Amino acid sequence: MEKSSTLLIHFDKGTPAIANEIKEALEGSDVIAKVEAMKKAIMLLLNGETLPQLFITIVRYVLPSEDHVVQKLLLLYLEIIEKTDVRGRVLPEMILICQNLRNNLQHPNEYIRGVTLRFLCRLNETEIIEPLIPSVLQNLEHRHPYIRRNAILAVMSIYKLPQGDQLLVDAPEMIEKVLASEQDQSAKRNAFLMLFNCAQDRAVNYLLTNVDRVSEWGELLQMVVLELIRKVCRTNRGEKGKYIKIIISLLNAPSTAVIYECAGTLVSLSSAPTAIRAAANTYCQLLLSQSDNNVKLIVLDQLNELRSSHREIMVDLIMDVLRALSSPNLDIRRKTLDIVLELITPRNINEVVLSLKKEVVKTQSGELEKNGEYRQMLIQAIHSCAIKFPEVASTVVHLLMDFLGDSNVASAVDVIVFVREIIEMNPKLRVSIITRLLDNFYQIRAARVCSCALWIIGEYCQSLSEVESGIATIKQCLGELPFFSIVEEGEDTDSSKKVQQANSITVSSRRPAILADGTYATQSAASETAFSPPTLVQGSLSSGNLRSLLLTGDFFLGAVVACTLTKLVLRLEEVQPSQVEVNKAITHALLIMVSMLQLGQSAVLSHPIDNDSYDRVALCIRLLCNTGDEVKKIWLKSCRQSFVKMLSEKQLRETEELKAKALVSHAQPDDLIDFYHLKSRKGMSQLELEDEVQDDLKRATGEFIKDGDDANKLNRILQLTGFSDPVYAEAYVTVHHYDIVLDVTVINRTKETLQNLCLELATMGDLKLVERPQNYTLAPESSKQIKANIKVSSTETGVIFGNIVYEASNVLERTVVVLNDIHIDIMDYISPAVCSDAAFRTMWAEFEWENKVAVNTIIQDEKEFLDHIIKSTNMKCLTAPSALDGECGFLAANLYAKSVFGEDALVNEIRSLSSRREAVDARVAVFKPKRFLAPIFVVHFVFRVTQEVTFTFEPYFYGKRSFDRCFFFLVC
């Protein structure tokens with residue numbers, strides 16, 4: 001077995017050449033040279049060298065040195081050298097250092113005494129320590145506190161040795177006397193810690209005797225007191241009452257560390273509303289008083305845990321939590337908003353929304369770089385509030401509509417999506433929202449925001465004035481027609497050049513844009529610069545937002561403009577009595593559409609209009625030329641009905657999720673009923689009474705049984721050895737973020753004592769064993785719980801294997817029992833999650849690099865295969881179930897999951913079947929947003945229904961991981 005090391009320092013030089021140099025330097029009289037030689041010797045020892053020839057040299061020339069640095073290095077050397085032989089007996093030459101240690105313990109210099117006492121804390125050899133005990137005990141009464149506190153630690157370490165209670169029989173009594181007379185806070189803390197670890201009854205007795213003075217003790221001692229309280233109360237829950245009073249008194253301590261530990265201890269020991277409220281108030285005070293962002297994040301995590309278990313108490317503190325938004329850190333703000341949104345009730349919704357509105361206004365005046373992202377977070381929070389409580393929508397919708405032209409496109413998209421939902425859910429606000437939207441439409445500069453705003457205008461402009469205003473707004477934003485004109489060669493082009501320079505375009509790049517269903521549309525990024533073909537003149541000196549976007553080649557937006565104009569004209573026919581005005585509107589709309597088609601087919605732009613947009617605009621032209629009642633019904637009602645159905649499905653899913661969270665175990669019919677007012681007080685305080693009632697309530701509702709229920713644990717136990725093996729072992733594997741904890745139960749099934757039993761483990765993959773389990777001695781037919789911690793560095797499948805080695809009295813050689821392998825499934829790291837469509841599309845756009853792997857399956861039904869994908873990959877379908885109902889030649893679904901490492905797994909399935917059922921396309925992706933911990937890839941597979949079904953995987957890698965380690969979706 002390898003021995004554990006406390007320190008590892010890399011040292012390049014070889015042993016033979018440097019050993020003589022070290023020896024010569026140690027034998028000399030130069031102190032600086034001795035210091036360097038000792039450092040080199042220590043580094044060689046730490047890297048596995050033995051250097052046995054140096055020991056006598058160090059005893060002769062280093063031990064007598066009076067230099068403090070040399071003495072410190074000497075103690076480090078003595079700590080790491082081998083002090084025992086193969087059989088575990090102390091080497092004879094170790095006696096040579098005992099006299100030196102005794103002299104150091106009696107040295108007049110306090111530093112020499114103190115570091116020697118600290119060195120004794122790390123010695124485990126009884127033969128070396130035993131002659132030094134009288135000198136250690138003398139230092140308990142030294143005048144200097146530095147020596148006294150280190151002497152107490154030395155006594156504790158000696159007493160904890162296997163035979164320490166025989167070497168220092170009266171050590172607890174001695175330390176208790178020291179504790180009663182000690183004035184130094186650090187020495188007092190060490191003395192109490194010694195009683196806590198070695199004589200817990202004496203520590204408890206001292207605490208209860210001095211309970212009135214606990215608040216006056218130092219920070220270090222108070223922290224040990226809290227640790228003692230937690231340990232005692234875990235052992236005996238009936239003793240909680242007397243200790244909770246101590247914790248409550250420490251909540252007013254001047255030390256923030258003590259206050260934080262008090263709050264955590266209070267929550268862990270008591271469920272009484274008074275105790276939980278006191279702890280929550282403490283966390284809120286720390287949240288506002290501490291400037292360290294890491295501390296704030298830790299406190300927010302604690303508040304979030306309280307929210308999940310004691311929501312009714314946290315609701316009253318929502319405004320205190322909301323004050324954490326004053327921090328400029330985005331992670332703190334995001335976590336604060338997440339907590340606040342879970343605590344909103346009809347009583348506090350107005351106050352919360354008012355605070356969020358103030359924060360939104362602050363982002364306008366500030367010049368901070370992160371203001372746009374923070375504004376987006378606030379808009380999303382207000383959106384959630386308005387959806388849950390529609391009555392507050394009127395107070396925020398008009399404020400947020402001022403941000404439709406925000407430079408941060410993501411926040412502008414969130415605003416327009418919010419407006420789209422509110423205008424449907426609040427009929428009373430439709431007129432005011434439409435009026436405000438038309439007034440602010442010219443400020444919108446993002447194509448995605450314009451598309452959504454145009455859809456709202458086309459669907460919710462109902463009255464004559466609204467329809468006419470909508471048409472006029474679109475015409476104004478498009479500018480004068482045509483979008484370009486041809487100039488004869490002989491004409492004077494001076495004015496034309498001015499026009500060209502004032503209003504001209506240059507397309508700079510083209511890239512695909514990802515739509516909501518996962519398909520692609522062409523999107524061009526352009527800048528308006530001078531573009532002056534010799535025969536072309538742009539149409540207008542003043543360019544509106546729609547015109548500018550169209551001139552960059554965004555014909556998808558042009559198709560949306562055409563559809564919106566078509567809807568408005570069709571509605572105008574219903575509300576306008578004058579046929580002449582209707583005909584004028586139709587003529588203007590047709591002119592706009594024809595001009596867009598002309599622009600798309602001209603040589604002005606670097607690329608022509610795409611076929612989808614061309615067909616859409618052409619369909620609108622044919623519709624306006626020949627309308628019918630059935631077509632009007634489809635255009636004016638069906639689209640909005642689909643949107644209403646989508647909203648209702650979304651609300652239904654959220655309601656079902658809330659119901660699932662609210663499910664709790666109920667009491668059985670024959671359970672006892674505990675009445676609070678009939679509770680016998682017997683001298684209990686209000687807090688103790690509440691705590692006992694809460695315990696009775698948990699017992700009645702089965703929560704105590706749930707906590708101790710091992711049914712779930714039994715399902716995850718892995719058998720490591722056979723039932724006929726002399727040693728039986730089984731393991732319970734827990735995957736928690738970056739750690740895997742193996743709780744291994746080892747049972748001695750023989751009639752003999754097993755000595756030096758050790759669980760040896762090794763790993764394969766990106767798993768790392770943190771520490772080696774120590775040796776144990778197992779009595780006949782006894783058991784032992786052994787824990788092993790394993791670090792995980794990436795989202796990959798790994799294997800843990802090993803064996804159990806032990807010695808038996810009737811067997812000369814060590815016996816080895818080979819263990820079954822433990823396979824760590826990558827699906828343990830992945831859990832279903834939810835994200836918005838906008839976030840899904842943003843992440844989807846990040847993937848590059850692809851390869852193909854063919855996989856066969858017998859599944860031929862699209863929905864069956866979708867269910868199989870969801871089950872196999874442990875993902876959640878974001879697409880509403882109603883959207884997947886019925887029979888259709890097209891199926892699109894978005895799937896999403898999140899790993900414990902913060903990674904996002906995305907799947908977008910697109911199934912397009914012809915009449916012969918030939919092809920179905922799908923895409924699967926894994927996205928890592930910030931930290932690189934695992935490969936990022938996309939899987940694209942083609943589903944062909946012929947005699948056999950073939951899936952082709954095209955992984956998109958983000959990183960330099962090997963290809964064969966990336967596929968956890970191959971289970972499909």
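Remember, predicted model here, so these are calculated numbers, not experimental data.
Every residue meeting the salt bridge (Lys or Arg N to Asp or Glu O under 4.0 Å) condition with Lys632, not counting sequence neighbours, appears here in chain and number order: Glu573. Residues satisfying the side-chain contact (heavy atoms from CB on, under 4.5 Å) criterion with Ile634, sequence neighbours excluded, are Ser638. Shown here are the side-chain contact (heavy atoms from CB on, under 4.5 Å) partners of Lys388, two or more places apart in sequence or in another chain: there are none. Partners of Trp455 by ring pair (Phe, Tyr, Trp, His ring centres under 6.0 Å), not counting sequence neighbours, listed by chain and number: Phe643. By the side-chain hydrogen bond (donor to acceptor under 3.5 Å, both in side chains) test, Thr345 pairs with Asn348, sequence neighbours left out. Looking at residues two or more places apart in sequence or on another chain, you find a side-chain contact (heavy atoms from CB on, under 4.5 Å) between Ala393 and Ala386, Ile422, Asn426, Leu429. Lys357 meets the salt bridge (Lys or Arg N to Asp or Glu O under 4.0 Å) test with no other residue; sequence neighbours excluded. Residues meeting the ring pair (Phe, Tyr, Trp, His ring centres under 6.0 Å) test with Phe441, sequence neighbours left out: none. Contacts of Arg436 classified as salt bridge (Lys or Arg N to Asp or Glu O under 4.0 Å), with partners at least two apart in sequence or in another chain: Asp402. For Ala381, the side-chain contact (heavy atoms from CB on, under 4.5 Å) partners two or more places apart in sequence, or in a different chain, are Leu337, Leu341, Leu356.
Put simply, the side chain of Glu424 reaches to within 4.5 Å of the side chain of Arg430, judged on heavy atoms.
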* Show your reasoning for whether side-chain contact (heavy atoms from CB on, under 4.5 Å) applies to Val392 and Val396. => CA-CA 7 Å; Val392 302; Val396 295; 5.5 Å; no
* To do: Check the pair Glu466 / Tyr460 against side-chain hydrogen bond (donor to acceptor under 3.5 Å, both in side chains), numbers first and verdict last.
  => CA-CA 9 Å; Glu466 290 174 350; Tyr460 294 97; over 6 Å; no
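Put simply, CG on Leu330 and CD on Gln376 are 10.5 Å apart, with the number rounded to the nearest 0.5 Å. Atom CG in Leu549 sits 6.0 Å away from atom CG in Asp554 (nearest 0.5 Å).
With no hydrogens or angles considered, a side-chain donor-acceptor pair links Ser613 and Asp610 at under 3.5 Å. Defined by atom type and a distance below 3.5 Å, a donor-acceptor pair is missing between the side-chain atoms of Asn894 and Thr879.
The pair Glu459-Lys567 meets the salt-bridge criterion, with a side-chain N (NZ, NE, NH1 or NH2) lying under 4.0 Å from an Asp/Glu carboxylate O. The pair Glu574-Arg571 does not meet the salt-bridge criterion, since no charged nitrogen lies less than 4.0 angstrom from a carboxylate oxygen.
Considering every non-hydrogen atom in both Met314 and Ala280, the closest pair reads SD-CB, 3.8 Å. When all heavy atoms are compared, the tightest approach of Ala324 to Ile332 is O-CG2, 4.1 Å.
Atom CZ of Arg311 has more than 12 heavy atoms from other residues, nucleotides or ligands within 6.0 Å.
Screening residues 403-427 for ring-ring contact (aromatic ring centres under 6.0 Å, His included) gives His383-Phe418 as the qualifying pairs, with residues at least two apart or on separate chains.
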Pair up each side-chain donor or acceptor in residues 468-475 with any protein partner under 3.5 Å, not counting sequence neighbours, and list the distances.
unit_1	atom_1	unit_2	atom_2	d
Glu468	OE2	Gln576	NE2	3.3
Ser469	OG	Ser465	O	2.8
Thr473	OG1	Ser469	O	2.8

